[in-house]
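Reading through the structure tokens given below for one structure.
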There are 2 protein chains.
Amino acid sequence: MGPQHRTMKEGPDISRIGAMLGDPARANILTALMSGKALTAGELAYEAGITPATASGHLRKLEESGLILPRKQGRHRYFTLAGDEVAHALETLMGLAAERGHLRSRIGPRDPDLRAARVCYDHMAGTAGVRIFDSLLGRGLLELGGTGVSLTGPGRAWATAFGIDLAPLESARRPLCRTCLDWSERRTHLAGSLGAAILANLQARRWAQRLQNSRVISFSDDGRAGFETHFPLAN
Amino acid sequence: MGPQHRTMKEGPDISRIGAMLGDPARANILTALMSGKALTAGELAYEAGITPATASGHLRKLEESGLILPRKQGRHRYFTLAGDEVAHALETLMGLAAERGHLRSRIGPRDPDLRAARVCYDHMAGTAGVRIFDSLLGRGLLELGGTGVSLTGPGRAWATAFGIDLAPLESARRPLCRTCLDWSERRTHLAGSLGAAILANLQARRWAQRLQNSRVISFSDDGRAGFETHFPLAN
DNA sequence: CGGATGTTTCGGCCGGGGCCGAAGCATCCG
DNA sequence: CGGATGCTTCGGCCCCGGCCGAAACATCCG
């Protein structure tokens, strides 16, 4: 009979959704879907570190809660987050969790390549990710406000010159700039649509590419040189 | 050892906070604290429908998770939400829960004042918040685009006449207009820098003020009249 | 000081739910 | 058609954690 024996309470019931997020396996599934990509049940099982059987049960619950949407295709079932509101709520919670120091697993990656540069969701992390952030901040292209980080006037000019069209990014709902705590460096790097755009730009220039089946980002020789030039440290 | 047997993942761990929200008793406690008031352990036990012994354990966990803050006073312990970020995250989740049909039984906060007008982040929420949105939309001052909401030409004129200088808002990175799902009304209200500016303007006119230690926004008599006049419903 | 009130700790009960392997469907492909 | 691959269902194990009452602490008050 639980604690609801008293008269009705009011308001939305957070606990249903909270319970969904409260299981580590389900949280991993949702985090994996934050990339925006549609992933199959099997891929999500692997991401969450559980067997397909267990994942299937979790996916059913998440679907029933309205947090994810299935899309059947052949013998695969692809899942995506159920909408922008879900993604937004997850981001908000992630911000809160990060702020409270609730981070997933502790020890940094042993692989030096992974420490140097890797994909974090869809932006650059690792030494290179922190370097981008430090460079932009040190040159006054980014500024830290009370609530977060934002692009300055000179920063807007820089982005355009670098080849990033800000207009579509700013009309989208996703925040342009967002801080993300780098887990190997334990410092801040840049996320948000600008962070994603920078990584995409580096890949388009063929300065860097993501290795197959890995989060490692590998720089070409030219790419490394260009990167150093375009993201210098102030002073 | 749970499902984290695989190597490191990155990013914040939602599941810790999710687990906190996932218990109905704890969700009730947090919901009660959404009023912004400080409540004692006993009051929270009663609100959540559990014994003081059980509540004590929950409160300790919530405190350890950084979601609530204790304030000892005499033989009472008062608790409040740990900050605006927590309140904001809860509000976001409540909107999502309401949208998904996860209701407890009635809608929104018990406190009628809180339902009428309250602060959501930095803009107006509640009946008054929805009224602002409906009024501007109905009079063609706002328009709904594919991605979100934006100010129309007449809307810009209205804002200026109302005493809001749009120039600094538009040069800032933060979106001018943004929709936000209202937790008590379950409808859209206006967020973004314009939403914040409108609330600030109402306060500057002394039409409304935020009550101490509460999220409630209280209107003066003059203020209520002026509000009705300036935010009429179309037709 | 002693009794009233508020809060926490302790011990023990109990149920929900996460986990897996094996078997059962569904789908694709040669 | 039959074998591979992806996903779900079923059955059973097991542990986490919520719940309470009783008793211990803490604080106020007369």
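In what follows, chains carry the letters A, B, and so on, assigned in the order in which the sequence lines appear, proteins first and then strands, with residues in each chain numbered from 1. As the structure is a prediction and not an experimental result, all values here were calculated from the model.
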For atom OH of Y46(B) and atom C1' of dC20(D), their distance in whole Å: 19 Å
Interatomic distance, I50(A) CD1 vs dG17(C) P [rounded to whole Å]: 16 Å
Protein-nucleotide distance (D23(B), atom CG; dG16(C), atom P), rounded to Å: 14 Å
Partner set under salt bridge (Lys or Arg N to Asp or Glu O under 4.0 Å) for D222(B), not counting sequence neighbours: none
Report each atom pair, protein N/O against N/O of nucleotides 8-10 of chain C, whose distance is under 3.5 angstrom.
from, atom 1, to, atom 2, distance (Å)
dT8(C), OP1, R77(B), NH1, 2.2
dT8(C), OP2, S56(B), OG, 3.1
dT8(C), O5', S56(B), OG, 3.2

Nucleotides 23-30 of chain C: protein proximity per nucleotide (B base, S sugar-phosphate only, - neither; heavy atom, under 4.0 Å): ---SBB--
Separation of dC7(D) P from R71(A) CZ (nearest whole Å): 14 Å
Shortest side-chain distance from K61(B), nucleotide among dG6(C), dG17(C), dG18(D): dG18(D)
With R205(A) via salt bridge (Lys or Arg N to Asp or Glu O under 4.0 Å) - residues at least two apart: none
Set of salt bridge (Lys or Arg N to Asp or Glu O under 4.0 Å) partners for E43(B), sequence neighbours left out: none
d(CZ, R26(B); P, dC16(D)) in whole Å: 16 Å
Residues in side chain to side chain donor-acceptor pair (under 3.5 Å) contact with R60(B), at least two apart in sequence or another chain: E64(B)
dT27(D) phosphate, OP1 or OP2, under 4.0 Å from H76(B) side-chain N/O: no
Salt bridge (charged side-chain N to carboxylate O under 4.0 Å, His left out) pairs, two or more places apart, involving residues 87-97 of chain A: E91(A)-R178(A)
E63(A): side chain to side chain donor-acceptor pair (under 3.5 Å) partners, not counting sequence neighbours: R77(A)
Check: F162(A) ring centroid to F231(A) ring centroid under 6.0 Å: yes
Compile the donor-acceptor pairs under 3.5 Å between side chains in residues 51-59 of chain A and protein atoms, sequence neighbours left out, one pair per line.
from, atom 1, to, atom 2, distance (Å)
T51(A), OG1, T54(A), N, 3.4
T51(A), OG1, T54(A), OG1, 3.2
H58(A), ND1, R26(A), NH1, 3.2

d(CG, L62(A); P, dT8(D)) in whole Å: 12 Å
Residue pair L96(B), E85(A): steps toward the side chain to side chain contact (heavy atoms under 4.5 Å, CB included) verdict: CA-CA 7 Å; L96(B) 189 60; E85(A) 327 85 52; 3.9 Å; yes
